[in-house]
Every structure is written in structure tokens, then in C-alpha cells.
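Reading through the C-alpha cells given below for one structure.
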Amino acid sequence: MLKGKKILIGVTGSIAAYKIPILIRLLIKEGAEVKVILTDAAKDFVTPLTLSTLSGNPVQSEFFEKTDGTWNSHVDLGNWADLYLLAPVSANTMGKLANGMADNLLSATYLAAKCPVFFAPAMDVDMYNHPSTSKNINQLKTFGNILVEPEEGELASGLYGAGRMQEPEKIIKILDSFFQKKKDFDKVKVLISAGPTYEAIDPVRFIGNFSTGQMGYALANEFSKRGAIVELVSGPVNLKIDSENVNITNVTSAAEMYNACLSAFSQVNIAIMSAAVADYTPERQQKQKIKKQAGSLTIKLQKTKDILKELGNNKRKDQYLVGFALETENEFENAKAKLKNKKLDLIVLNSLQDKGAGFGYSTNKITLLDNKGDIDQFELKSKSEVAKDIADKISSTYKMKN
Ligand code: CTP
């Protein structure tokens with residue numbers, strides 16, 4: 001599975017850098033292409049010559065080559081890689097990455113990289129257990145970066161505990177299973193709704209909500225990365241999709257979203273309705289701008305059609321339907337009721353009582369409830385990690401159904 005994969009390794013100053021030549025040999029043996037970035041501190045532990053010889057590519061550590069002034073573009077390196085592995089990553093570099101600092105080629109490439117990032121810390125046990133290190137690790141995890149957890153063992157200091165970077169053989173296994181997992185929705189057709197809807201009152205005003213569409217777009221990215229063909233029906237948002245195989249239909253109102261979703265539904269295998277659809281729309285849309293008048297203004301609203309419910313009513317046995325429930329009270333009861341009433345296979349519960357969850361945040365905290373009665377609760381994570389958890393759950397339950 002690593003054959004042909006482009007792996008960029010970022011090495012920082014840690015004694016565990018001695019494991020990197022072995023890791024590169026194993027990656028090359030698996031058929032991967034490898035490039036390496038070294039920080040200055042890393043050069044005290046492993047030489048550029050060793051790494052360039054083993055990887056078959058020049059090792060880079062400066063923004064400019066001092067000899068001929070060639071630019072080592074961090075953007076190009078980030079775009080080149082299918083995966084960026086930071087190993088070993090020191091406490092110091094994690095602190096920089098967690099805070100958006102880009103003072104060397106390794107950290108600038110981290111900010112520019114669009115590919116998945118894995119990080120394998122290595123340090124002494126007390127440094128590893130320091131609250132500041134834990135905070136930085138958690139911060140990187142909320143960005144969607146994947147921790148290669150260090151193991152316990154003898155450390156270079158002579159102490160014993162957590163902080164030893166994983167062995168190269170173990171890292172190879174982790175990377176391999178990551179790439180294998182990625183194609184578990186190969187050619188599966190997935191309909192996703194995302195973002196808010198705007199219900200026009202007159203030519204210049206509307207009723208909307210605070211949804212930014214981040215969750216739905218993260219789902220579209222995740223499914224497309226894993227091989228799915230995604231039909232994304234999106235309300236008005238300021239987001240872009242950077243994956244292949246995503247066809248976007250832009251809509252504004254709940255009625256337009258209803259039409260787009262209903263017409264796509266019969267051709268898909270899985271539908272995930274993550275949009276925050278308006279439940280009510282003005283009974284009449286004024287042709288001219290409403291003028292200010294003395295006294296109050298009443299706008300009569302009528303119910304919109306429930307898209308998810310309609311999909312549930314039209315669902316074939318082989319189709320898998322997922323809804324979201326955004327609740328502020330009696331979360332479980334309300335989510336279970338929606339799961340049943342809308343004939344869903346799975347519902348994703350967000351509670352607004354959880355800090356960092358809901359509209360506008362880049363993080364989310366979800367509970368998954370399926371129609372077999374299984375309940376999975378997750379921690380607060382970045383929306384891209386949440387999308388992975390949802391896709392993992394669908395991957396196992398959709399396959400059981402079909
Ligand atoms: N939904 C939909 N069409 C609507 C309203 C909601 O498809 N007109 C979908 C949402 O995309 C979401 C789910 O229904 O997947 C639940 O939305 P939510 O607003 O939590 O629930 P409602 O059914 O609207 O009920 P309530 O507002 O009373 O909680």
C-alpha cells in the first residue's frame with residue numbers, strides 16, 4: 001500500500017533521529033518515494049549525507065541553498081507529499097507547530113502542507129508528561145494531525161517511561177494501514193448536504209442561521225479521499241473543496257436544497273444531511289424592499305419541507321441514510337426520536353451544551369446513535385477528525401447492511 005506514495009519526513013533534533021535511516025530504508029523497500037527535511041538541530045544527530053544517500057533525494061533544511069541561491073520551496077514540498085511525517089518531533093518543534101510559527105523549512109512546510117500529517121514525538125519522560133507538551137499535542141490533534149504515540153521504555157537519559165519514539169517497523173505498519181483504509185468507499189456514491197439556507201424576505205433581506213458548512217465540507221473531503229464519488233449540495237458558505245470527485249451544487253433556499261437532494265437521492269448509496277436547513281420560510285417574498293414604517297413588522301412564516309424525512313420515506317433497502325441533530329436540551333431523547341421518525345440508519349448528535357461544538361467552531365463533539373441501539377461518544381476534535389470518525393462508523397455499518 002505504500003508503493004508509489006510520496007512520503008516527506010521532517011526530522012528535528014532528538015537522539016531518536018538515529019532511527020530515521022532505518023525508516024527510510026524500509027519505506028524505499030516498500031516502494032515509497034522519500035524526501036527529507038532536517039532542522040539545524042537534527043544535523044547534530046544524523047547527517048544529511050546518510051539521509052540523501054538512502055532516500056535518493058537531496059536533503060533540504062534551508063529556505064535557500066547557500067551555494068547557488070536555489071529556493072527550496074516549502075509550498076512545493078507540501079504539495080508534493082501524500083503524507084508528511086514529523087519524526088522524531090521534539091517538544092520545541094511541537095510548540096512551534098501548535099502556535100503557527102514558521103521559522104524554518106520544516107515548520108513552514110507544515111503550514112503549507114495539505115496532505116495528512118503524522119507526528120511521532122520523542123523526548124524524555126518528564127518533558128513528555130509536562131502539561132505544556134500535552135497541550136501542544138492536543139492542539140495538533142485538533143488540527144487533524146495524527147499522533148504516533150511514543151512507547152514506554154529505557155530513555156537516552158537513563159530514565160524509564162513514555163517518550164521513546166516508535167520503532168521504524170511499527171511506523172511503517174501505521175502508515176500502511178492508513179493508506180489501506182483510505183479507499184474503503186471506492187466508487188461508492190455519497191450525497192452530502194452542507195451549510196445554512198437563506199430564506200428571502202424581500203430582495204435584500206433573508207432569514208438564515210450561523211452554520212458555516214465546515215462539518216459538511218469536512219465530510220465531503222473525507223469521503224472523496226476514501227474513494228467515494230461525492231455529490232455535495234451546499235448552501236451559501238465561504239469554503240472550497242480541495243479533493244477530487246466532488247460535484248458541488250450550490251443552492252440558497254431550503255426549497256432549492258430540497259429539489260437538489262431529492263433529485264440526486266435515487267442515484268446514491270449513502271446520504272448524509274448535515275445542512276442546517278431553515279424550518280420556516282416567509283409565506284410571501286416581497287418583490288420590493290420593505291420600507292420602514294411606524295410600529296412593528298410581522299412576517300408570516302410557513303413550514304419548509306423536511307428534506308431528511310422525505311429521503312427517509314423514499315429510502316430503498318440498500319441505501320444508508322444519516323442525519324444530524326443539533327440539540328440544546330434532552331439531547332438523547334430528541335436524537336433517538338429523529339432517528340426513528342426520519343427512518344435513519346445513523347444520527348450524529350451535537351449538543352450546544354458542549355463547549356467548542358456547533359456552528360462556527362473548527363471543532364466538534366459528537367455522539368453517534370445507530371438504528372441498532374449502539375451509541376458511540378467521542379471527545380472534542382477538529383471537524384476533519386470528526387468526519388473520519390463518522391466515515392469509520394458508516395464504513396463498518398454500511399458494509400454490514402449490503
Ligand atoms: N433537516 C432537513 N430538512 C429540514 C430540516 C432539517 O433535511 N427542513 C435535517 C438536517 O439536515 C439534519 C436533521 O434534519 O440532518 C435534523 O435537523 P434539526 O434542525 O436538528 O431538527 P429538526 O428536524 O428541524 O427539528 P427541531 O428543529 O425541532 O429540533
Side-chain angles (χ1 to χ4, degrees), residues 6-14 16-17 35-43 60-64 71-123 127-150 165 212-215 217-218 221-222 225 237-243 355-365 379-388:
K6 297 183 177 109
I7 312 291
L8 180 63
I9 307 180
V11 186
T12 73
S14 155
K35 286 188 182 177
V36 183
I37 303 177
L38 278 184
T39 62
D40 279 342
K43 290 179 197 160
Q60 298 175 9
S61 55
E62 311 290 340
F63 287 109
F64 291 94
W71 185 37
N72 292 326
S73 164
H74 53 287
V75 177
D76 287 352
L77 280 168
N79 280 337
W80 173 85
D82 293 320
L83 187 145
Y84 190 13
L85 169 68
L86 299 156
V89 64
S90 62
N92 181 46
T93 294
M94 285 197 291
K96 288 195 220 170
L97 304 181
N99 289 289
M101 289 167 72
D103 63 345
N104 61 28
L105 189 64
L106 181 144
S107 52
T109 305
Y110 169 78
L111 287 185
K114 281 196 257 157
C115 61
V117 176
F118 282 65
F119 63 110
M123 69 200 71
M127 287 174 82
Y128 188 68
N129 289 333
H130 195 281
S132 152
T133 308
S134 308
K135 189 172 157 233
N136 289 331
I137 288 178
N138 286 334
Q139 183 65 61
L140 293 176
K141 282 169 59 182
T142 68
F143 296 155
N145 304 157
I146 300 157
L147 172 68
V148 179
E149 203 133 6
M165 191 185 85
T212 54
Q214 286 182 67
M215 195 61 248
Y217 275 63
N221 272 325
E222 181 63 19
K225 271 195 235 155
V237 297
N238 282 317
L239 296 172
K240 275 197 198 129
I241 282 285
D242 51 25
S243 313
K355 246 182 107 198
F359 292 164
Y361 291 101
S362 59
T363 50
N364 205 356
K365 187 170 186 307
E379 297 161 18
L380 185 74
K381 296 180 179 188
S382 69
K383 284 189 172 161
S384 56
E385 271 193 281
V386 171
K388 281 194 191 105

Donor-acceptor pair, side chain of Ser382 and main chain of Thr142, under 3.5 angstrom: yes

Heavy-atom donor-acceptor pair, Asn364 side chain to Lys383 backbone, under 3.5 Å: no

Result of checking Leu147, Ile7, Ile9, Leu85 against Phe118 for side chain to side chain contact (heavy atoms under 4.5 Å, CB included): Leu85

Indicate the atoms forming the closest heavy-atom contact of Ala122 with Met165, along with that distance. CB-CB, 3.8 Å

Set out, in order, the CA-CA distance, both residues' side-chain angles and the distance that settles side chain to side chain contact (heavy atoms under 4.5 Å, CB included) for Met94 and Met123, then state yes or no. CA-CA 11 Å; Met94 285 197 291; Met123 69 200 71; 3.4 Å; yes

Identified side chain to side chain contact (heavy atoms under 4.5 Å, CB included) counterpart of Val117 within the set Leu8, Asn145, Leu83: Asn145

Any side-chain heavy-atom pair from Lys365 and Glu379 closer than 4.5 angstrom? no

Distance-minimising heavy-atom pair for Met127 and Thr133: O-OG1, 2.7 Å

Salt bridge (charged side-chain N to carboxylate O under 4.0 Å, His left out) between Glu62 and Lys43, worked out: CA-CA 12 Å; Glu62 311 290 340; Lys43 290 179 197 160; 3.7 Å; yes

Walk me through it: do Ile37 and Thr109 pass the test side chain to side chain contact (heavy atoms under 4.5 Å, CB included)? CA-CA 9 Å; Ile37 303 177; Thr109 305; 3.5 Å; yes

Over all atoms of both residues, closest heavy-atom pair of Ala102 and Ser107: CA-OG, 3.4 Å

Option among Val89, Asn92, Leu97, Asn99 that satisfies the side chain to side chain contact (heavy atoms under 4.5 Å, CB included) test with Asn136: Asn99

Hey, does the side chain of Thr12 reach the backbone of Pro88 with a donor-acceptor pair shorter than 3.5 angstrom? yes

Test Leu140 against Tyr110 for side chain to side chain contact (heavy atoms under 4.5 Å, CB included), laying out the working first. CA-CA 11 Å; Leu140 293 176; Tyr110 169 78; 3.4 Å; yes

Ala17 backbone acceptor or donor facing Ser14 side chain under 3.5 Å: no

Can you check side chain to side chain contact (heavy atoms under 4.5 Å, CB included) on Lys381 and Thr363, steps first, answer last? CA-CA 5 Å; Lys381 296 180 179 188; Thr363 50; over 6 Å; no

Test item: Thr93 side-chain N/O and Ser90 main-chain N/O as donor-acceptor pair under 3.5 Å: no

